[in-house]
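Okay, so here's the structure we're looking at.
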Amino acid sequence: MKRLSITLRVTLLYTLFMVLLAGLSLGFLFHAGAQTARQTKLNRMQSMVEESRREIEYKNGELEIDHDLEAFDDGVYLSVYDTAGMPLYGFVPRDFDNSAVFDDGTLRTVESGGRSWYLYDVQIQVEDYGPLWVRSVTAADAVDSTLGALQHEALLVLPVFVVLAAVCGYFLTRRAFAPVRRITQTAREIGEGGDLSRRIGLAGGRDEIYTLAGEFDAMFARLQQAFDREKQFTDDASHELRTPTAVILSQSEYALEHTRPEGETRAALESIHTQAARMAALLSQLLMLARADKGRQPLQQEPVDLSELAEMVAETEAEQAAARQITVETELEPGITVLGDETLLMRLLINLTENAIHYGRPGGWVRLTLHRQGENAVGTVADNGIGIAPENLDKIWLRFWQADPAHSGGGAGLGLAMVRWIAEAHGGNVTAESTPGAGSTFTFTIPCEKSEKV
């Protein structure tokens with residue numbers, strides 16, 4: 001199951017917390033409300049009975065009950081009886097069986113008519129008359145039914161509250177994590193585009209997220225400076241080393257051609273000449289990549305017959321392949337034209353083909369194919385050589401990286417880095433697939449010239 005985002009997880013926790021808080025609050029309120037309502041009702045029963053002491057008196061041989069004595073108030077019924085149980089004043093609920101024995105000063109619950117009732121009796125003394133019984137009665141389930149109705153309404157409102165809590169929690173969490181999304185998006189764009197000059201640029205806050213964004217910006221600034229220094233060094237070193245390398249190369253050629261050395265001297269000069277040529281090629285590649293990094297490597301855009309170019313490269317590399325008993329095979333669709341730099345496209349094909357030959361199996365083959373696919377020209381260079389370990393497939397595009405320098409064929413590890421840059425500079429891409437011991441296949445895609453698009 002896919003892990004939920006932090007926003008959703010925080011929203012769920014927030015909603016769960018709010019629901020638990022609401023549930024506990026409602027439970028406490030209903031419990032306290034029930035107790036308060038019940039106690040209020042019982043207090044009213046007692047107060048009405050106590051008020052009767054002031055409102056009943058005996059005058060002129062008659063028992064007088066003041067009209068201010070309420071016989072019903074807020075669901076509480078009041079009635080007055082003589083010692084024989086004969087009613088003198090007030091009334092009782094219709095469903096109440098008024099046969100309960102009087103019990104002075106006792107608040108009790110009785111069952112009558114299928115319902116529960118609170119009953120409170122007090123015997124009072126009326127001057128010059130004698131004792132009387134005063135009874136107050138109220139339905140016990142009236143309080144419970146009111147609270148039940150409130151509880152039912154609360155249960156209806158609770159889902160709405162849950163939804164509102166979830167929605168509010170989501171938007172609050174999303175707003176709180178907006179800086180984090182901005183940091184993530186900026187970091188992703190920097191990683192995809194390689195533009196270290198980009199900054200997150202969060203300002204105006206002092207919390208941990210804004211501090212984190214500031215540290216990221218500072219880190220990007222340091223990385224940009226480090227990469228700029230590295231690129232500048234590569235560019236400067238390539239420029240500075242080209243002249244002495246050219247001098248070494250020309251002088252070793254002159255010595256080999258005009259002084260006619262023999263033995264160890266000739267071998268030493270030939271070694272110097274070979275290494276100088278390798279260094280010159282390396283410096284040329286470094287200079288090209290340095291200029292590409294700075295956007296200063298121009299592309300000479302013109303229509304290029306990629307089919308002819310591939311055929312020419314295959315024929316040129318066939319001699320080098322034959323020296324290792326490797327056969328170069330081609331399967332080229334004719335007439336595929338792209339808009340690009342012919343020199344760079346040739347370098348792309350040469351690097352891929354030479355790479356296949358260097359890592360090929362003696363007696364094996366290298367196959368170069370090219371065909372149209374939609375609006376693109378798709379080419380492959382495949383071999384049945386030693387292959388590439390799966391964990392190294394992403395590393396082969398790094399500059400100066402070599403899985404096994406002993407099998408590098410004298411290369412410096414820049415060829416595939418140049419291939420990737422050339423493909424991307426022409427609006428295409430290059431990928432690699434390989435099986436150790438069975439060979440590798442490099443596939444490049446270049447957009448066709450508009451007139452050639454199908």
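None of the values given here were measured: they were computed from a predicted structure. What's counted below: heavy atoms across the whole structure, side chains too, no hydrogens, waters or symmetry copies.
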Exercise for review: Run the numbers on V338 and H426 for side chain to side chain contact (heavy atoms under 4.5 Å, CB included), then give the verdict.
Suggested key: CA-CA 9 Å; V338 299; H426 285 80; 6.0 Å; no
Smallest separation among heavy atoms of [X] and [Y], with atom names:
X: A318; Y: V328; result: CA-CG2, 3.9 Å
X: A166; Y: T15; result: CA-OG1, 3.2 Å
X: I183; Y: A213; result: CD1-CB, 3.8 Å
X: P447; Y: G427; result: CG-O, 3.6 Å
X: S136; Y: V76; result: CB-CG1, 4.1 Å
X: L368; Y: A310; result: CD2-O, 3.5 Å

State, yes or no, whether a side-chain contact exists between [X] and [Y] at a heavy-atom distance under 4.5 Å.
X: L306; Y: L370; answer: yes
X: L332; Y: T369; answer: no
X: F444; Y: I446; answer: yes
X: Y120; Y: V137; answer: no
X: S434; Y: L393; answer: yes
X: S112; Y: D95; answer: no
X: I386; Y: R361; answer: no
X: V419; Y: F442; answer: no

Neighbour count >12 (heavy atoms, 6.0 Å) for atom [atom1], [X]:
X: R174; atom1: CZ; value: no
X: E433; atom1: CD; value: no
X: F72; atom1: CZ; value: yes
X: D394; atom1: CG; value: no

Under a 4.0 Å N-O cut-off, is there an ion pair linking [X] with [Y]?
X: R367; Y: E331; answer: no
X: R44; Y: D74; answer: no
X: R266; Y: E270; answer: yes

Could you tell me the separation between the [atom1] atom of [X] and the [atom2] atom of [Y], rounded to the nearest 0.5 Å?
X: I272; Y: E253; atom1: CD1; atom2: CD; value: 12.5 Å
X: N376; Y: R372; atom1: CG; atom2: CZ; value: 12.0 Å
X: L352; Y: T380; atom1: CG; atom2: OG1; value: 10.0 Å
X: I388; Y: S440; atom1: CD1; atom2: OG; value: 4.0 Å
X: L42; Y: T40; atom1: CG; atom2: OG1; value: 8.5 Å
X: Y118; Y: M45; atom1: OH; atom2: CE; value: 9.0 Å

Can you see whether [X] engages [Y] through a side-chain donor-acceptor pair at a distance of less than 3.5 angstrom?
X: R347; Y: N351; value: yes
X: T109; Y: S116; value: no
X: R188; Y: Q185; value: yes

Check your understanding: With sequence neighbours left out, which residue pairs that include part of residues 306-324 fulfil the side chain to side chain donor-acceptor pair (under 3.5 Å) condition?
Key ->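 For residues 306-324, and leaving out neighbouring residues, the side chain to side chain donor-acceptor pair (under 3.5 Å) pairs sorted by first residue read Q320-H358.
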Check your understanding: Would you find a donor on one side and an acceptor on the other, under 3.5 Å apart, between the side chain of S271 and the backbone of A267?
Key ->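 No; judged by distance alone, with no hydrogens or angles, the pair does not exist.
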Point to revise | Short side-chain to backbone donor-acceptor contact, D341 and L344, under 3.5 Å | key: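 A pair under 3.5 Å: yes.
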Practice item. List the steps, then state whether side chain to side chain contact (heavy atoms under 4.5 Å, CB included) holds for V304 with L339. Key: CA-CA 6 Å; V304 177; L339 188 64; over 6 Å; no
**Study point:** CA sep, side-chain torsions, deciding dist, call: F96, L119, side chain to side chain contact (heavy atoms under 4.5 Å, CB included)
**Key:** CA-CA 10 Å; F96 178 68; L119 187 62; 3.9 Å; yes
Review point. Taking it one step at a time, do T343 and M346 satisfy side chain to side chain contact (heavy atoms under 4.5 Å, CB included)?
Key: CA-CA 5 Å; T343 302; M346 180 180 291; 5.8 Å; no
